[in-house]
2 protein chains.
Amino acid sequence: MPDQSPVITPENLARQLKVLADPRRLRILNLLMTGVQCNCEIGEALGMPANLISHHLRVLRNAGLVQAERDPLDARWMYYSINEPALEALVRAFDAFFDLSRIQPRHPSCGPKRLQGKPTKKLLVSAP
Amino acid sequence: MPDQSPVITPENLARQLKVLADPRRLRILNLLMTGVQCNCEIGEALGMPANLISHHLRVLRNAGLVQAERDPLDARWMYYSINEPALEALVRAFDAFFDLSRIQPRHPSCGPKRLQGKPTKKLLVSAP
DNA sequence: GTTATAATTCAATGTGGGTTGAAGTATAAA
DNA sequence: TTTATACTTCAACCCACATTGAATTATAAC
């Protein structure tokens, strides 16, 4: 079975954030949040050509953030939806990486003749 | 005074995520989380040339995510730290945008002769 | 003054990836 | 079979931007 909670490396997180760091993909995701469906409807709602929608949806699918399903009555229609567990995992990884409680008191190890072993909450401005 | 909680548009969020969607910048932020300091130390820890560190730090500073301060004893040294309120606001915007509870039941408005007004939690596969 | 150090800025390069228009695939309707 | 529809794929273009090396600024030490 796959890793339950894989280690969050900067490279890993950056790769996932790259998928999100696009205004049109965010608009698509934002629309899928409201329960929108097929390629055509997304394109109409966002004023984008169908092939662009396809392209961005593929990126989102490759990232595992979006699922696709064919209409059982008319297989020409594709219905897209958000992969909730995947999105939830990503949000959790994001929150964990940027958890402010991780921030440590600073302990300068460079700079001029600097007092060592005396971390302060704020910047350690060397006292006289 | 500025907006307390500006509207989170996809364009807005994408612009901020672009700053984060880089492995080296995430490594820098990750290092700043542990209280690291000057340009030189970051470069040494990450194995990157000083000018690249400068470049990425400027991007992070322009985004308001990182603060800089000069050493009062030796003004050649710059100390970098995370702008906690800014990072916290970004995390909050991220979480709000991708809040899974926003996801609505789907109500297909396209596709073949589809029953209207009957949203389902999962995909609405048209029944016979 | 000169030399050394920390960091930034500049110019040039290279590339990943978003965008576009056309062609292609698959299914359904006529 | 032919035509229409929904979507995808392909090839080409374009540009923001990360990377690199050298030059520049600013400060401190000698």
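Residue numbers begin at 1 in each chain, while the letters A, B, ... track the order of the sequences.
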K.L.:
In terms of side-chain geometry, is the basic nitrogen of B:E88 or B:R92 positioned less than 4.0 Å from the acidic oxygen of its partner?
P.N.:
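Answer for the salt bridge query: yes.
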
K.L.:
Strictly distance-based, threshold 3.5 Å: is any side-chain N or O of A:E41 a donor or acceptor partner for the main-chain N or O of A:N39?
P.N.:
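It does not hold such a pair.
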
K.L.:
Find the distance A:L73:CG to D:dT5:C1' and express it as a whole number of Å.
P.N.:
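These atoms are roughly 16 Å apart.
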
K.L.:
Could you work out, with side chain to side chain donor-acceptor pair (under 3.5 Å) as the rule, every residue matching A:N51, not counting sequence neighbours?
P.N.:
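None.
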
K.L.:
Hey, does A:R61 have a side-chain heavy atom less than 4.5 Å from the side chain of A:Q67?
P.N.:
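No, side chains not in contact.
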
K.L.:
Kindly write out the residues that satisfy salt bridge (charged side-chain N to carboxylate O under 4.0 Å, His left out) with A:E44, not counting sequence neighbours, or none if the list is empty.
P.N.:
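Result, salt bridge (charged side-chain N to carboxylate O under 4.0 Å, His left out) vs A:E44: none returned.
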
K.L.:
Report yes if some heavy atom in the side chain of B:I28 is under 4.5 Å from a heavy atom in the side chain of B:V66; otherwise report no.
P.N.:
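No, too far: nothing below the 4.5 Å cut-off.
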
K.L.:
With a 4.5 Å heavy-atom cut-off, do A:D99 and B:M33 have their side chains touching?
P.N.:
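SC-SC contact between A:D99 and B:M33 ruled out.
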
K.L.:
Through what angle, rounded to 10 degrees, does the axis of the helix from C:dG1-D:dC30 to C:dA30-D:dT1 turn between its ends, using five pairs per end?
P.N.:
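Between the first-five-pair axis and the last-five-pair axis there is 10°.
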
K.L.:
What does the B/S/- profile of nucleotides 6-12 of chain D look like, 5' to 3', with a 4.0 Å heavy-atom cutoff to protein?
P.N.:
SSBB---

K.L.:
Kindly state which residues belonging to residues 12-31 of chain B come within less than 4.0 angstrom of DNA chain C, counting heavy atoms of the residue only, listed by number.
P.N.:
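Contacting residues: none.
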
K.L.:
I'd like a list of close polar pairs between nucleotides 11-13 of chain C and the protein, N/O only, cut-off under 3.5 Å.
P.N.:
none

K.L.:
Between C1' on D:dT19 and CG on B:L46, what's the gap in Å once rounded to a whole number?
P.N.:
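Result: 16 Å.
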
K.L.:
For A:F98, give me all partners under ring pair (Phe, Tyr, Trp, His ring centres under 6.0 Å), at least two apart in sequence or on another chain.
P.N.:
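Listed in chain order: A:F94.
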
K.L.:
Return each pair, listed once, that meets salt bridge (charged side-chain N to carboxylate O under 4.0 Å, His left out) where at least one residue sits in residues 72-83 of chain A; pairs must be two or more places apart or across chains.
P.N.:
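Pairs touching residues 72-83 of chain A that pass the test: A:D74-A:R76.
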
K.L.:
Which residues satisfy the side chain to side chain donor-acceptor pair (under 3.5 Å) test with A:R58, sequence neighbours excluded?
P.N.:
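None.
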
K.L.:
For A:D22, what residues pass the side chain to side chain donor-acceptor pair (under 3.5 Å) criterion, not counting sequence neighbours?
P.N.:
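Expected list: none.
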
K.L.:
Under the side chain to side chain donor-acceptor pair (under 3.5 Å) rule, collect the residues that match up with A:N83, sequence neighbours excluded.
P.N.:
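Not a single residue meets the side chain to side chain donor-acceptor pair (under 3.5 Å) criterion with A:N83.
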
K.L.:
Excluding sequence neighbours, so at least two apart, what forms salt bridge (charged side-chain N to carboxylate O under 4.0 Å, His left out) with A:R25?
P.N.:
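Salt bridge (charged side-chain N to carboxylate O under 4.0 Å, His left out) list for A:R25, sorted by chain: empty.
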
